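Have a look at the structure below, then the notes.
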There are 2 protein chains.
Amino acid sequence: MAESRFLGSPVRLSTRLGEDLRGRIRSGEFPAGSKLPTEAVLVKDYGVSRSTVRQALKGLEAQGIVVTRHGRGSFVAADRGIHAGIQQLRSISETIAEQGFRPGMHYHSVEIDQADPTESDALSLATDDQVVRIRRSILADDVVVAYSYDALPRKLLGPEHDGTGIQGSLFAFLQREAGVVAVRATAQVHAICSETVGWETDETPQLYVVLDQVHFDLRDRPVLYSKTYFIEGRFKFVVIRN
Amino acid sequence: MAESRFLGSPVRLSTRLGEDLRGRIRSGEFPAGSKLPTEAVLVKDYGVSRSTVRQALKGLEAQGIVVTRHGRGSFVAADRGIHAGIQQLRSISETIAEQGFRPGMHYHSVEIDQADPTESDALSLATDDQVVRIRRSILADDVVVAYSYDALPRKLLGPEHDGTGIQGSLFAFLQREAGVVAVRATAQVHAICSETVGWETDETPQLYVVLDQVHFDLRDRPVLYSKTYFIEGRFKFVVIRN
DNA sequence: CAGTGGTCTAGACCACGAA
DNA sequence: TCGTGGTCTAGACCACTGT
């Protein structure tokens, strides 16, 4: 039974099923516009319940990867450009990589400072607490698609750790250095036009879609405050509204 | 049994349960920060299954109305300003009204014209098809919070209907005049800065969060293409990311 | 009509939180 | 330890699609 492959993992069954299907779609087994196996077939093939299959498909639909139609079936969506489902919390780099682009990330600066009022509020800090403030640019095929301003409580790191040496995914860094897993975030969507957001551009004002997020760990402690500025037009947020 | 109140309706059980809870919260029965009944209690009180209760709570959480915590319970969120869950397709006016503001809507213009390429593509129209183009402003307590540009296929309306006399919710209008129910939409989020979007402001450029949407009916026919320009800061989109 | 997804139920077991 | 939400299962019945 295929199910045996999936046992014993801490990750949700529906997530792993969704990832497997996404892999099969990317591999070309199901080209854009083609019909996926029916829910009943997926239930049989993967040895899971129909609820699990449906949750996996729902996740793929929220990512803009498949489209499900009552009475007809589920179909592979035609994708265009770098896009992400806005309500799924996933690594931006992973999202970029899964869509066939080459992800990149440049750490621009890492500094330790007193938390400003916005950060204290978002992270529930005392007034004299410090934060590690990180500025990064995120690239796809060497083109900047977003700038990210992140702040994490200094006290999450060991007292000897000054934040230098951060690289790669911040989620991975948090887990490795602080034993903290960010699993949930509340976000607000904003628009901004400014010439002072990026550091790699010239002085012309630039339009951004801003995701203003507070990330929480498993115990609902706020562990990361981040403002991510997605350059208008280079990164598309897909929303399925029902 | 309370369940009898809910039988025989075409609306999902979880939706009605969610609306009932939202009403109890708004009425003051559960003030901000207070704990809601446990899932087990809701199952008993409403006579529905736990899945249904959980789906209702999930919907309220997506709207930013409640926050659910593993091992602790569900709590009423502190709300601030006019906000909406971005992945739920609901009437903007209703959303405004439910949060204690006075909704308003001004129809600025209604015209019939050849569909432009963007509209033809979004609505799957032939090149010589016509659209009814509508421009509205949406208000809360007499303040404009958004401008909406909508286009619907002329052929949806009877040949004698020229689109005049439209008022109130477009969803309601579509259902009444064309027998069409919009149940699903795909949307993209954009940022824009322009002085030519609104018609009630002066000439200064204004920032907007744009929701670029195609609405579909039950048979998956595209029935409405709309660009809604939410004035930055006046309307907050809440996103719960997991 | 048969096939497919949409909703709802009942129950099991696990993981987290507070006492 | 016990109460709580999180995940998963099995099965029923309904609504929509195409023949």
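We name chains A, B, ... by the order of the sequence lines, and we start the count at 1 in each one. Since the structure is predicted, the reported quantities are computational estimates derived from the model, not experimental observations.
Whole-Å rounding puts the B:Lys44 NZ to D:dG3 P distance at 13 Å. Atom pair A:Leu218:CG and C:dC16:P shows a separation of 7 Å (rounding to whole Å applied). Residue B:Asn242 contributes atom CG, which lies 16 Å from atom P of D:dG5 at whole-angstrom precision.
With A:Glu29 as the partner, the salt bridge (Lys or Arg N to Asp or Glu O under 4.0 Å) test is satisfied by one option alone out of A:Lys35, A:Arg24, A:Arg22: A:Arg24. No option in B:Arg136, B:Lys227, B:His215 other than B:Arg136 meets the side chain to side chain donor-acceptor pair (under 3.5 Å) test with B:Asp150. Each of B:Val180, B:Val132, B:Val223 was compared with B:Leu152 under the side-chain contact (heavy atoms from CB on, under 4.5 Å) criterion, and only B:Val132 meets it.
A salt bridge links A:Glu39 with A:Arg54; the closest basic N to acidic carboxylate O contact falls under 4.0 Å.
B:Ser51 comes within contact range of at least one nucleobase, with a heavy-atom separation under 4.0 Å. Contact annotation for B:Arg219: backbone-only contact, meaning every heavy-atom pair under 4.0 Å involves sugar-phosphate atoms and none involves a base.
Using a 4.0 Å cut-off, some side-chain N or O of A:Arg12 falls inside it from OP1 or OP2 of D:dT7. At the phosphate of D:dT7, neither OP1 nor OP2 sits under 4.0 Å from any side-chain N or O atom of A:Thr52. Side-chain nitrogen and oxygen atoms of A:Arg54 include at least one within less than 4.0 Å of the OP1 or OP2 phosphate oxygen of C:dG6.
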